[in-house]
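A quick write-up on the structure given underneath.
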Amino acid sequence: MTAMFAMVASDHHSLREVFEKASKLVPLNLLWQHSRCVVGCYGNKAPGAARDVSQFSFAAANVVISSCQPPENAALSQQISDNPAALSRCIKGAHSAFCWVETTGQLIASRDPLNQHCLYYATISGVSVISSEASFIARLMPVQPELNPAALACWLAGTPNPALSLYQQIQTLPLGCSLTVESNGDTRLTSFWDIDPGFEISLNTDNDYREQFAELLNEAVASHIAPTDEVVVSQMSGGMDSTSVTALAHRMLSPERKVRALSHLYSHSASCDESDNIKAMYQHLNLPDPIQVTVDAGAHRDFLSLYPTDFDSPGTVLSPRYHQECEMIQAAGSHRLLTGNGGDEMCWGHASAYTQRLKQGELAVVAEVLKACKQTQMKHWPVLRSLFLKPLMPQWLINLGRQLKGHKLGDEPHWLTAQATELCRATGVVENPFHPRRQPVGHARYQALKTTSTFNSLRSYQKVAWQYGIEVAHPFFDHRIAEFSFAIPPKQLIRGAYPKWLLRSAMDKILPDSVCWDVQKVIFDNHFGQLVKDNAKPLRELLCDTRLQEMGLLDNAKLLDAFDKTVSGSVAHVHVDLLYAILTQRWIQQHH
């Protein structure tokens with residue numbers, strides 16, 4: 001990805017002043033200019049780093065797009081004629097796009113529907129500035145932008161909302177929206193894509209669902225591989241998502257071109273080790289020259305040096321490990337990294353699918369769940385209570401039971417202040433088109449899709465990779481796959497002991513059975529838990545910072561108490577809420 005920017009103003013002199021100020025702060029590459037608008041890219045260190053930028057000139061509009069596969073001229077021209085605010089509809093894969101519409105004197109700023117690329121915007125000295133990074137905009141401001149308490153509260157609660165900027169004077173473009181910027185500084189958001197809760201797909205057989213999904217996934221992977229790519233590196237753990245992407249890319253490229261798998265090994269956390277599945281994939285696909293990185297040894301045991309945060313977000317970490325991997329990708333002769341990110345959000349399904357099926361009269365689902373408990377070695381009663389008893393109880397009775405046990409009605413961590421809790425509840429839950437009781441699966445999956453922590457991984461890799469001219473691509477985060485997965489019956493996504501049922505079915509015989517039908521999902525609680533234990537002293541000093549407490553968002557004593565209990569526990573485990581609080585304190589100390 002190339003870091004992009006645009007500036008819009010009715011006053012040419014103000015526009016030139018802000019542009020010249022920016023050019024003194026960071027090397028700029030001006031791609032297109034007009035008396036009221038300029039578009040460019042910046043910051044790439046690698047030669048030819050803007051290879052993914054395409055420009056289009058039409059009678060009524062000029063377009064600059066950063067994308068692996070730019071759209072066809074005719075399709076883009078027709079989209080601009082029909083509705084320029086929805087130009088991202090005709091661009092495949094992750095992208096950023098700027099379109100100056102000459103007839104209206106407006107700039108349209110847009111990017112892929114599922115949030116892979118970022119765009120921020122603000123007004124500086126009468127000039128509207130849009131950029132891939134909030135830091136680019138902040139450096140142009142006469143004073144540092146103020147922090148956004150609502151966004152911070154969500155981070156401290158462990159439930160950040162990607163639609164919230166961490167800065168008061170800088171906005172971020174929400175998922176599925178484009179931004180229209182007038183020369184006079186007026187802006188408006190247009191929603192060009194979202195999940196439609198009324199859209200349903202009903203096919204005749206399981207095989208019909210499998211074939212249609214397989215076609216979509218193949219198209220999504222293909223859209224992230226450029227015709228000029230001779231070598232593509234693909235992250236490959238032993239899980240379903242990354243192995244699926246790697247296998248499909250391998251089938252598309254071999255034998256003339258090749259995929260090289262990049263796998264993470266864990267020497268200190270046996271529960272995170274997936275080396276058996278990784279070796280099975282090497283053998284099954286006959287993958288050439290795999291790249292292996294041990295990610296929890298040596299320098300990778302120092303938490304603070306391993307996870308330096310970026311100005312834009314506490315969750316965007318510029319890890320030296322990512323730099324190491326990018327150097328390996330360069331050495332492999334590639335500038336493309338594929339990942340399995342997004343597989344959980346698109347393919348996992350949701351446990352409430354079993355509940356929904358029982359409500360619809362499918363009594364056999366109870367026996368199916370009992371059999372799955374045996375396969376996964378889960379205790380019967382807690383699962384039955386969670387899936388079939390609690391969901392059928394009225395909410396007032398559940399709330400009463402929680403109060404009698406002394407539990408809060410909300411799930412916010414106890415170190416939040418009342419002010420932070422209120423802010424989090426007001427801004428942390430997105431507007432959801434699915435009914436929570438009638439459509440529990442869609443409701444839960446929609447909230448997860450809009451607020452998933454996977455966005456942190458996306459941004460982290462991309463922020464480092466673009467310095468090397470490497471595009472990091474996440475094929476599962478494709479709006480066509482999202483639309484399909486929300487429209488099909490929940491039973492297609494999760495069945496028996498198998499979440500990701502449809503993905504497993506589509507990849508059957510393509511992946512080895514030991515990978516495709518493995519019921520054990522590797523989680524990394526032990527890795528992070530042991531890392532926090534090993535770095536207890538510096539992390540405790542980090543958490544003593546009182547600035548967030550002075551903002552009225554955090555009770556430091558309660559946070560420190562939670563941290564002490566975590567590191568003194570017999571099990572190496574750290575809850576995600578605490579991990580987010582650590583990253584937020586780290587971010588405050590690094591950048592503010």
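In this structure, a donor-acceptor pair under 3.5 Å is present between the side chains of H95 and S88. Under 3.5 Å, the side chains of S505 and D508 contain no donor-acceptor pair of N or O atoms. Using modelled atom types, one finds no donor on one side chain facing an acceptor on the other under 3.5 Å when comparing E368 with Y354. A donor atom on one side chain and an acceptor atom on the other are not found under 3.5 Å apart for D208 and Q212. Side-chain polar atoms of S237 and S242 form a donor-acceptor pair below 3.5 angstrom. Counted by atom type alone, S234 and T246 present one or more donor-acceptor pairs between their side chains at under 3.5 Å. For the 3.5 Å distance criterion, the side chains of Y446 and D194 qualify, holding a donor opposite an acceptor. Remark: the N456 side chain and the Y580 side chain contain an N/O donor-acceptor pair separated by less than 3.5 Å.
Within the model, atoms CG of D344 and CZ of F476 stand 9.5 Å from one another, a figure rounded to the nearest 0.5 Å. Summarising the geometry, atom CD belonging to E133 is positioned 9.5 Å from atom OG1 belonging to T316; distances are rounded to the nearest 0.5 Å. Atoms NZ and CD, on K374 and Q377 in that order, are 11.0 Å from each other to the nearest 0.5 Å. In this structure, OG on S352 lies 12.0 Å from CZ on R357, to the nearest 0.5 angstrom. Here the CG atom belonging to D241 is positioned 7.5 Å from the OG1 atom belonging to T243, to the nearest 0.5 angstrom. Atoms CG and CZ, on L493 and R504 in that order, are 12.0 Å from each other to the nearest 0.5 Å.
Between R425 and E412 a salt bridge is recorded (basic side-chain N to carboxylate O distance below 4.0 Å). Remark: D112 does not engage K92 in a salt bridge, criterion side-chain N to carboxylate O under 4.0 Å. With respect to E219 and R480, a salt bridge is recorded, a charged nitrogen being found less than 4.0 Å from a carboxylate O. A salt bridge is absent between D310 and R459; no separation between the charged side-chain nitrogens and carboxylate oxygens falls under 4.0 Å. At a threshold of 4.0 Å, the pair K491-E362 counts as salt-bridged, since one of the basic side-chain nitrogens sits closer than that to a carboxylate oxygen. A salt bridge does not link D82 to R89: none of the charged nitrogens lies less than 4.0 Å from a carboxylate oxygen. Taking 4.0 Å as the cut-off between side-chain N and carboxylate O, K565 and D561 count as a salt-bridged pair.
Annotation: R385, atom CZ; neighbour count of heavy atoms from other residues, nucleotides and ligands within 6.0 Å is above 12.
By the ring-ring contact (aromatic ring centres under 6.0 Å, His included) test, W415 is found to be paired with no residue, residues two or more places apart in sequence or in another chain being considered. The ring-ring contact (aromatic ring centres under 6.0 Å, His included) check on Y121 picks up nothing, with sequence neighbours excluded. Residues passing the ring-ring contact (aromatic ring centres under 6.0 Å, His included) test with Y120, sequence neighbours excluded: none.
Here Y209 and F213 keep their ring centres 6.0 angstrom or further from each other. Centroid-to-centroid, the aromatic rings of W517 and W501 come within less than 6.0 Å. Checked against a 6.0 Å centroid threshold, the rings of Y167 and F311 count as neighbours.
Counting only heavy atoms from C-beta outward, the side chains of Q168 and L147 never approach each other to under 4.5 Å. The closest side-chain heavy-atom distance from W155 to L548 is not below 4.5 Å. No side-chain heavy atom of P160 sits under 4.5 Å from any side-chain heavy atom of T451. No side-chain heavy atom of H350 sits under 4.5 Å from any side-chain heavy atom of Q356. Looking at heavy atoms from C-beta onward, R445 lies out of side-chain contact with W348 at the 4.5 angstrom threshold. Contact of the F477 side chain with the M346 side chain is registered, since non-hydrogen atoms from C-beta on lie closer than 4.5 Å. Between D196 and F486, the closest side-chain pair of non-hydrogen atoms is not below 4.5 Å. Inter-residue side-chain proximity for L503 and L217 is flagged as met; some heavy-atom pair is nearer than 4.5 Å.
Partner of Q549 under the side chain to side chain contact (heavy atoms under 4.5 Å, CB included) criterion, chosen from L559, N556, T417: N556. R111 pairs with exactly one of L179, I91, L119 by the side chain to side chain contact (heavy atoms under 4.5 Å, CB included) rule, that one being L119.
For the pair D518 and S514, the tightest heavy-atom approach, listed with the atom from each and the gap, is CB-O, 3.3 Å.
Looking at K533, its side chain does come within 3.5 Å of a backbone N or O of V567 through a donor-acceptor pair. Checked by atom type and distance alone, the side chain of T172 never pairs as donor or acceptor with a backbone atom of L164 at under 3.5 Å.
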Hey, mind stepping through M281 and L511 against side chain to side chain contact (heavy atoms under 4.5 Å, CB included) and telling me if it holds?
CA-CA 7 Å; M281 285 295 300; L511 301 180; 3.7 Å; yes
Could you go through W587 and L166, starting from their C-alpha distance and side-chain angles, then the distance that decides it, and tell me whether this counts as side chain to side chain contact (heavy atoms under 4.5 Å, CB included)?
CA-CA 11 Å; W587 180 78; L166 271 294; 3.8 Å; yes
